[in-house]
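Here's the structure we're looking at; comments come further down.
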Amino acid sequence: MTERETRTALVTGATDGVGRLVASRLAADGWRVLAHGRNRARGAALVGEIEKAGGRATFLEADLASLAEVRRLAAETMATTGRLELLINNAGIGTAGDAPGRQVSADGHELRFAVNYLAGFLLTHLLLPMLKASAPSRIVNVASAGQQAIDFDDVMLTRNYSGRAAYCQSKLAQILFTVDLAQELAGSGVIANTLHPSTYMNTTMVRQSGTTPISTVETGADAILALAVGAAIEGKSGLYFNVQREMRADPQAYDAAARARLKALSLELTGL
Ligand SMILES: NC(=O)c1ccc[n+]([C@@H]2O[C@H](COP(=O)([O-])OP(=O)(O)OC[C@H]3O[C@@H](n4cnc5c(N)ncnc54)[C@H](OP(=O)(O)O)[C@@H]3O)[C@@H](O)[C@H]2O)c1
């Protein structure tokens, strides 16, 4: 592939788990990979591995628990590449995470809502002009089968907090966002789809929650790559997949009023 033909992908949360494997496989397939993470040493290790195997990768550091850092990540992406054919919003924190109890982001938002959903919402919007200019291009939002309807009276879960509720709400928010995005992007040459990559893959997030892993990152990476580069999804947008099977998500994803409420709130919180 010539320099001009090389396609570029940004993968968030590429320093661990399924994102790391997806980044490596894209690079092995000839993509230039912008590998995002928050840990510089892990990022350097990944870039080293990809380059050793003959691929191209650049590490971009940002803590997605800060909207200012998300904005900086978008700016660095645009400074690093003139084209972006693929954005995979994969970074996330699980149900248990590093500390028990409700946590907040640098901006004061409930942490899982902020990292798992709001960061991707902002990053995607900031990169949309580049994705559109690079069309045909794709967006993949890595959500989960763990979904819980958003309570618009308490989105930040100040009452009845649990790590599970926070995780499942943030994952459904990603799906509502994807359905909206697909509608907004109709005819632009950019498609957006979302998925549950696999159940209890053997990753840090699952091990930290105390759950015994029952599937592999390979299964999850196959499912993500089917939406990211597979031929079967061409021209299809706004869909939710349970691993590689198209399915209906939680009913709130198909409630236009709920999506409009989430979008209005997200625009306000991100200052877009
Ligand atoms: N594992 C499963 O069975 C499963 C099931 C359904 C959905 N998913 C989804 O799949 C995606 C990947 O999960 P995984 O299992 O591969 O998890 P993982 O191994 O824990 O990896 C998560 C990635 O996200 C990054 N990350 C976490 N918080 C961040 C922050 N504040 N700023 C920047 N980066 C951050 C991590 O960086 P560090 O390397 O610095 O920690 C890591 O690269 C998630 O969206 C998850 O919800 C996973």
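The shown structure was predicted, so the numbers you read here are calculated from the model rather than taken from an experiment. Start at 1 and go down the list; that is how both ligands and their atoms are numbered.
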(Q) Using salt bridge (Lys or Arg N to Asp or Glu O under 4.0 Å), reason through D180 and R259 one step at a time and then give a plain yes or no. (A) CA-CA 7 Å; D180 256 358; R259 291 201 308 273; 3.0 Å; yes
For [X], which part has a heavy atom under 4.0 Å from ligand 1: side chain, backbone, both, or neither?
{"X": "R20", "value": "neither"}
{"X": "R42", "value": "side chain"}
{"X": "A62", "value": "backbone"}
{"X": "V206", "value": "side chain"}
{"X": "A143", "value": "backbone"}

Does the N or O separation between V18 and ligand 1 drop below 3.5 Å for any pair? yes
| Does any N or O atom in H196 lie less than 3.5 angstrom from one in ligand 1, N or O only? |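 There is no such contact.
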In the protein, what heavy atom is nearest to [atom], and what distance, to one decimal place, separates them?
{"atom": "atom 21 (O) of ligand 1", "answer": "D16 CB, 3.8 Å"}
{"atom": "atom 17 (O) of ligand 1", "answer": "M205 CE, 3.5 Å"}
{"atom": "atom 10 (O) of ligand 1", "answer": "V142 CG1, 3.4 Å"}
{"atom": "atom 15 (O) of ligand 1", "answer": "T203 OG1, 2.6 Å"}
{"atom": "atom 25 (C) of ligand 1", "answer": "G13 CA, 3.9 Å"}
{"atom": "atom 37 (O) of ligand 1", "answer": "T15 OG1, 3.4 Å"}

Shortest heavy-atom approach to [atom] - which of [options]:
{"atom": "atom 12 (C) of ligand 1", "options": "T199, V217, N90", "answer": "N90"}
{"atom": "atom 22 (C) of ligand 1", "options": "A14, S66, G92, A41", "answer": "G92"}
{"atom": "atom 26 (N) of ligand 1", "options": "E69, M201, R38", "answer": "R38"}

Find all atoms of ligand 1 within a distance of less than 4.0 Å from any non-hydrogen atom belonging to [X], and give their numbers and elements.
{"X": "Y167", "result": "6 (C), 7 (C), 8 (N), 46 (C), 47 (O)"}
{"X": "D63", "result": "30 (C), 31 (N), 32 (N)"}
{"X": "G17", "result": "16 (O), 19 (O)"}
{"X": "A65", "result": "31 (N)"}
{"X": "L64", "result": "30 (C), 31 (N), 32 (N), 33 (C)"}
{"X": "Y200", "result": "3 (O)"}
{"X": "H36", "result": "33 (C), 34 (N)"}
{"X": "S198", "result": "3 (O), 4 (C), 5 (C), 6 (C)"}

Touching ligand 1 at all, P197? Heavy atoms, strictly under 4.0 Å?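 Contact check P197 vs ligand 1: positive.
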- K171 to ligand 1, any heavy atom closer than 4.0 Å: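 For ligand 1, residue contact (heavy atoms, under 4.0 Å) with K171 is present.
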Do the side-chain N and O atoms of [X] and [Y] include a donor-acceptor pair separated by under 3.5 angstrom?
{"X": "N89", "Y": "T124", "result": "yes"}
{"X": "T15", "Y": "N39", "result": "no"}
{"X": "T219", "Y": "T216", "result": "yes"}
{"X": "S170", "Y": "N116", "result": "yes"}
{"X": "S162", "Y": "Y167", "result": "no"}

Quiz item: Do R248's NZ or CZ and the ring of Y254 fall within the cation-pi criteria of under 6.0 Å and 45°?
Solution: yes
[atom1] ([X]) with more than 12 external heavy atoms under 6.0 Å:
{"X": "R207", "atom1": "CZ", "answer": "yes"}
{"X": "R164", "atom1": "CZ", "answer": "no"}
{"X": "F152", "atom1": "CZ", "answer": "yes"}

If we ignore hydrogens and angles and just use 3.5 Å, is the side chain of [X] paired with the main-chain N or O of [Y] as donor and acceptor?
{"X": "Q147", "Y": "A249", "value": "no"}
{"X": "N90", "Y": "V142", "value": "no"}
{"X": "H196", "Y": "S144", "value": "no"}
{"X": "Q252", "Y": "I150", "value": "yes"}
{"X": "N193", "Y": "L239", "value": "yes"}

